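All residue numbers refer to positions in the sequence shown, counting from 1. All values reported here derive from a predicted model rather than from experimental measurement. First listed ligand is number 1; within each ligand, the first listed atom is number 1.
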Amino acid sequence: MSKKILVTGGCGYIGSHTVRELQRQNYDVVVFDNLVHGHLAAVEDAPVIIGDLLNPQEIRRVFVRHPDIAGVIHFAAYLEVGESMEQPGKYFRNNIQGTVNLLEAMLDAGVKHLVFSSTCAVYGTPERVPVTEEEPIKPESVYGASKRMAEQVMEWYDQVKGIRFTPLRYFNAAGASFDARIGDAYKPATRIIPVLMEYLLGQRERFFINGDDYPTPDGTCIRDYIHVDDLATAHIAALDYLWDGGESMAFNIGTGRGTSNMEIVDMVREVTGRDFEVEFGPRRPGDPVRIWADNTRAREVLGWKPRYGLREIIETSWLWHSTHPDGFG
Ligand SMILES: NC(=O)c1ccc[n+]([C@@H]2O[C@H](COP(=O)([O-])OP(=O)(O)OC[C@H]3O[C@@H](n4cnc5c(N)ncnc54)[C@H](O)[C@@H]3O)[C@@H](O)[C@H]2O)c1
């Protein structure tokens, strides 16, 4: 019989791609989402239980209704750095208390394996690139801190209750499914690629890059963009690792390659065949100059590797956004 996986936040961007990949690999899936940012249409063939992690009864009931859940992938959280600095309570409550409620429900049900969406934001501005998991942890935003605190909560549940977990510290999720059925529908768009797509579709009047005077070859910031389908396979590899008896451990999930904002612009011009104007705004406070992953641990321990690069990210993003200008709406 196939194993059943609970996916919290499975109606969201990364969650819905992971649900599809789980189903492709013949896992049974149950999704739990409060639809604050998620979309029912993003999940085609799995049961979706609408509920809020901040309500302990609602998440506990999921395990009662599905006593055969063998593992959990936990995406449900808020993730906007800027908003987290304005509304810290919203982030600490959802990202930490929500995680505590999930862990307690798992304990009640005897479920001991958890894959957690963490983020490279736990490293803040790294001292070295590429960033390994040994990089000092020093988040520079409430969002990053909330994710690190959630990791620490899990460390204690491992120590005192034996729940084993893998924080996957993703770099920048990007791209969409290759058949353009699902993609990034987060509104308002804040990530550079969807913002640029909205601009090309006439939904924004101007397109800005924040800062062109950074000490990088073209003056713009450098990030590690990882295709969302590569993130999906990393989660399944992490669950397999835990089921095989692997100990709790964090993994950096990125391509290992840095891409500047201008390289994105160039690839978008090439893929779409459109030329467009780029304006440069001031630097955004707190933006690290450059950050990309050392993914050696994930490759060696999980046997995972990214399959896609910037071209596939831009091609799938363009296909998704141009066929779904209003997301799922
Ligand atoms: N997108 C990125 O580049 C990125 C990078 C690093 C880490 N992450 C992490 O990955 C995870 C998923 O990110 P995403 O981009 O898919 O975001 P998303 O907003 O599309 O997905 C999150 C989902 O969780 C749901 N949710 C939020 N709070 C909930 C609650 N209390 N109860 C039930 N459901 C709730 C939302 O409705 C949404 O469907 C997040 O935990 C985020 O911190 C994302």
Both conditions, 6.0 Å and 45 degrees, for the charged tip of [X] above the ring of [Y]: are they met here?
X: R269; Y: F276; value: yes
X: R206; Y: Y199; value: no
X: K90; Y: Y78; value: yes

Problem - Atom CZ of R307: over 12 foreign heavy atoms under 6.0 Å - result: yes
Handout entry: Centroid separation H37 to Y13 less than 6.0 Å
Key = no
Practice task
State plainly whether the residues E134 and R297 are in salt-bridge range, i.e. N to O under 4.0 Å.
Solution key: yes
Between the protein and ligand 1, are there any N or O atom pairs that come within less than 3.5 Å of each other, and if so, what are their names and distances?
unit_1: ligand 1; atom_1: 1 (N); unit_2: R191; atom_2: NH1; d: 3.2
unit_1: ligand 1; atom_1: 3 (O); unit_2: A173; atom_2: N; d: 3.1
unit_1: ligand 1; atom_1: 16 (O); unit_2: Y13; atom_2: N; d: 3.2
unit_1: ligand 1; atom_1: 16 (O); unit_2: I14; atom_2: N; d: 2.8
unit_1: ligand 1; atom_1: 20 (O); unit_2: Y13; atom_2: N; d: 2.9
unit_1: ligand 1; atom_1: 26 (N); unit_2: N34; atom_2: OD1; d: 3.4
unit_1: ligand 1; atom_1: 28 (N); unit_2: N94; atom_2: ND2; d: 2.9
unit_1: ligand 1; atom_1: 31 (N); unit_2: D52; atom_2: OD1; d: 2.9
unit_1: ligand 1; atom_1: 31 (N); unit_2: N94; atom_2: OD1; d: 2.7
unit_1: ligand 1; atom_1: 32 (N); unit_2: L53; atom_2: N; d: 2.9
unit_1: ligand 1; atom_1: 34 (N); unit_2: N34; atom_2: N; d: 3.1
unit_1: ligand 1; atom_1: 34 (N); unit_2: N34; atom_2: OD1; d: 3.3
unit_1: ligand 1; atom_1: 37 (O); unit_2: D33; atom_2: OD1; d: 2.7
unit_1: ligand 1; atom_1: 37 (O); unit_2: N34; atom_2: OD1; d: 3.2
unit_1: ligand 1; atom_1: 37 (O); unit_2: V36; atom_2: N; d: 3.2
unit_1: ligand 1; atom_1: 37 (O); unit_2: H37; atom_2: N; d: 2.9
unit_1: ligand 1; atom_1: 37 (O); unit_2: G38; atom_2: N; d: 3.1
unit_1: ligand 1; atom_1: 39 (O); unit_2: G12; atom_2: N; d: 3.2
unit_1: ligand 1; atom_1: 39 (O); unit_2: D33; atom_2: OD1; d: 3.3
unit_1: ligand 1; atom_1: 39 (O); unit_2: D33; atom_2: OD2; d: 2.6
unit_1: ligand 1; atom_1: 39 (O); unit_2: G38; atom_2: N; d: 3.1
unit_1: ligand 1; atom_1: 41 (O); unit_2: F75; atom_2: O; d: 2.7
unit_1: ligand 1; atom_1: 41 (O); unit_2: K147; atom_2: NZ; d: 2.6
unit_1: ligand 1; atom_1: 43 (O); unit_2: Y143; atom_2: OH; d: 2.6
unit_1: ligand 1; atom_1: 43 (O); unit_2: K147; atom_2: NZ; d: 3.1

